[in-house]
Amino acid sequence: MTMQEDEPGEPLVVLDKVDKWFGELHVLQDINLTVHRGEVVVVIGPSGSGKSTLCRAINRLETIDKGTITLDGEPLPQEGKALAKHRAEVGMVFQSFNLFAHKTILENVTLGPIKVRKKSKAEAEARANELLDRVGIGHQASKYPAQLSGGQQQRVAIARALAMDPKVMLFDEPTSALDPEMIKEVLDVMVDLAKQGMTMVVVTHEMGFARTAADRVLFMADGQVVEENTPEQFFTNPTSDRAKDFLGKIL
Ligand code: ADP
Ligand code: MG
């Protein structure tokens with residue numbers, strides 16, 4: 001796709017035979033997943049199937065017990081500066097926006113680039129303003145999070161993640177805490193991002209988004225990837241009983 005400096009389509013995030021347990025609970029079971037540069041992978045599945053754990057493992061917010069995860073050919077670092085650098089390269093947007101309440105919108109977006117990326121304040125602010133414009137919040141940069149709607153706050157959270165120039169963006173149910181009328185404004189930003197060639201892993205039950213933006217849909221259940229297909233195939237012709245049952249409930 002466009003906007004990527006490197007060759008499109010090469011493997012960017014690779015999970016190889018990944019297993020994770022929470023005590024007795026085998027929450028990720030032999031997960032193999034390759035996300036290519038510029039690709040948008042939508043992950044869907046019932047609650048408790050391991051979708052958030054998968055995202056958190058890619059961002060190294062969770063450790064794994066077996067297998068390997070690589071980003072751009074590099075294994076995930078265990079700790080220290082290398083880990084901080086890795087986190088900076090993986091943008092994450094959660095269901096709860098997690099903005100700093102006592103910082104302005106602009107400060108929320110410039111903090112990481114100044115602290116972690118060592119950008120000058122002026123440079124960070126210029127970039128932040130550009131990104132806030134892009135998500136439609138440019139005129140609210142001096143406000144505080146509580147002065148914005150949920151949809152606006154989530155768009156700031158997206159701008160904040162983008163400000164770190166991540167190689168990949170992870171979205172974990174980014175619209176599920178939003179009032180219905182605010183969902184579209186966030187999804188529109190995400191669709192835009194996908195069109196511009198951002199590599200994305202998106203946990204969502206928004207089927208419209210999946211149909212519009214996904215290159216691939218991954219269906220998870222009980223810690224396993226049960227089905228993996230194009231959105232067209234997945235929605236019109238799911239093969240597993242688990243997927244059929246799940247789609248029957250949400251569509
Ligand atoms: P999903 O995002 O698909 O709803 P999660 O990845 O959040 O699923 O959780 C998968 C399973 O792991 C669930 O049964 C959940 O209760 C369990 N789980 C998640 N986090 C922890 C944790 N920190 N400790 C113990 N169990 C956990
Ligand atoms: Mg979850």
Side-chain angles (χ1 to χ4, degrees), residues 13-35 40-69 71 76 78-79 83 86-87 90-99 150-151 153-154 157-158 161 166 168-180 182-183 186-187 190 199-210 213-214 216-229 231 234-235 238 240-251:
V13 181
V14 180
L15 284 81
D16 184 37
K17 300 193 180 72
V18 170
D19 282 282
K20 174 161 184 79
W21 283 263
F22 282 123
E24 298 283 291
L25 186 68
H26 197 175
V27 60
L28 295 178
Q29 301 182 24
D30 192 33
I31 303 289
N32 296 288
L33 167 67
T34 300
V35 184
V40 178
V41 175
V42 164
V43 182
I44 73 171
S47 175
S49 55
K51 307 179 299 293
S52 293
T53 307
L54 178 77
C55 287
R56 293 169 57 80
I58 295 172
N59 203 16
R60 194 48 186 68
L61 291 167
E62 294 283 359
T63 55
I64 55 174
D65 297 309
K66 270 192 182 172
T68 55
I69 301 178
L71 174 68
L76 299 204
Q78 291 303 303
E79 55 194 8
L83 179 56
H86 171 78
R87 293 242 171 87
V90 181
M92 183 125 186
V93 176
F94 303 88
Q95 182 175 331
S96 52
F97 332 120
N98 295 328
L99 297 176
Q153 289 187 54
Q154 192 61 306
I158 294 172
V168 55
M169 286 281 287
L170 309 177
F171 293 87
D172 190 0
E173 304 207 26
T175 59
S176 45
L178 297 176
D179 292 334
M182 291 169 190
I183 291 175
V186 172
L187 292 178
M190 291 167 61
T199 309
M200 295 162 64
V201 176
V202 184
V203 179
T204 185
H205 293 162
E206 293 293 335
M207 297 305 135
F209 174 82
R216 214 151 26 111
V217 172
L218 221 68
F219 176 72
M220 284 185 76
D222 297 331
Q224 295 172 325
V225 175
V226 175
E227 202 162 324
E228 198 178 335
N229 221 327
F234 180 75
F235 291 117
S240 64
D241 287 341
R242 289 299 302 262
K244 284 179 196 164
D245 181 53
F246 179 74
L247 288 173
K249 282 176 186 148
I250 63 162
L251 292 182

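As the structure is a prediction and not an experimental result, all values here were calculated from the model. Counting starts at 1 for both ligands and their atoms, following the listed order.
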Identify, for atom 4 (O) of ligand 1, the protein heavy atom at the shortest distance, and state residue, atom and that distance. G48 N, 2.7 Å
So does W21 get a backbone contact from the side chain of D65, meaning a donor-acceptor N/O pair under 3.5 Å? yes
Numbering the atoms of ligand 1 from 1, which are under 4.0 Å from a heavy atom of V27? 10 (C), 11 (C), 12 (O)
2.8 Å cut-off met by an N, O or S atom of T53 to the Mg ion (ligand 2): no
For atom 7 (O) of ligand 1, find the nearest protein heavy atom and state the residue, atom name and distance (0.1 Å precision). S52 CB, 3.6 Å
Within ligand 1, which atoms have a heavy atom of T53 less than 4.0 Å away? 5 (P), 6 (O), 9 (O)
Checking the side chain of K20 only, and the main-chain atoms of T63 only, is there a donor and an acceptor separated by less than 3.5 Å? yes
Considering distance alone, does some N or O of F22 sit under 3.5 Å from an N or O of ligand 1? no
With a 3.5 Å distance limit and no angle check, can you tell me whether K51 reaches the backbone of G45 through a side-chain donor-acceptor pair? yes
Distance from atom 8 (O) of ligand 1 to nearest protein heavy atom, with residue and atom: G50 N, 3.2 Å
Is there a polar contact between ligand 1 and E62, counting only N or O atoms under 3.5 Å apart? no
Anything under 30° is parallel, anything over 60° is perpendicular, the rest tilted; go ahead and classify F246 against H205. perpendicular
Looking at ligand 1, would S49 count as a contact under a 4.0 Å heavy-atom criterion? yes
Measuring only between side-chain heavy atoms, which start at C-beta, is M169 closer than 4.5 Å to I158? yes
Please check this pair: side chain of R60 against backbone of R87, looking for a donor-acceptor N/O pair closer than 3.5 Å. no
Measuring from E62:CD to C55:SG, what's the distance to the nearest 0.5 Å? 11.5 Å
Considering non-hydrogen atoms of the protein only, which is the closest contact for atom 3 (O) of ligand 1, and what is the distance? K51 NZ, 2.8 Å
Closest approach of any protein heavy atom to atom 16 (O) of ligand 1, naming residue and atom: L25 CD2, 4.8 Å
Could you check whether any side-chain N or O of Q153 sits under 3.5 Å from a backbone N or O of F97, counting only pairs where one atom can act as donor and the other as acceptor? no
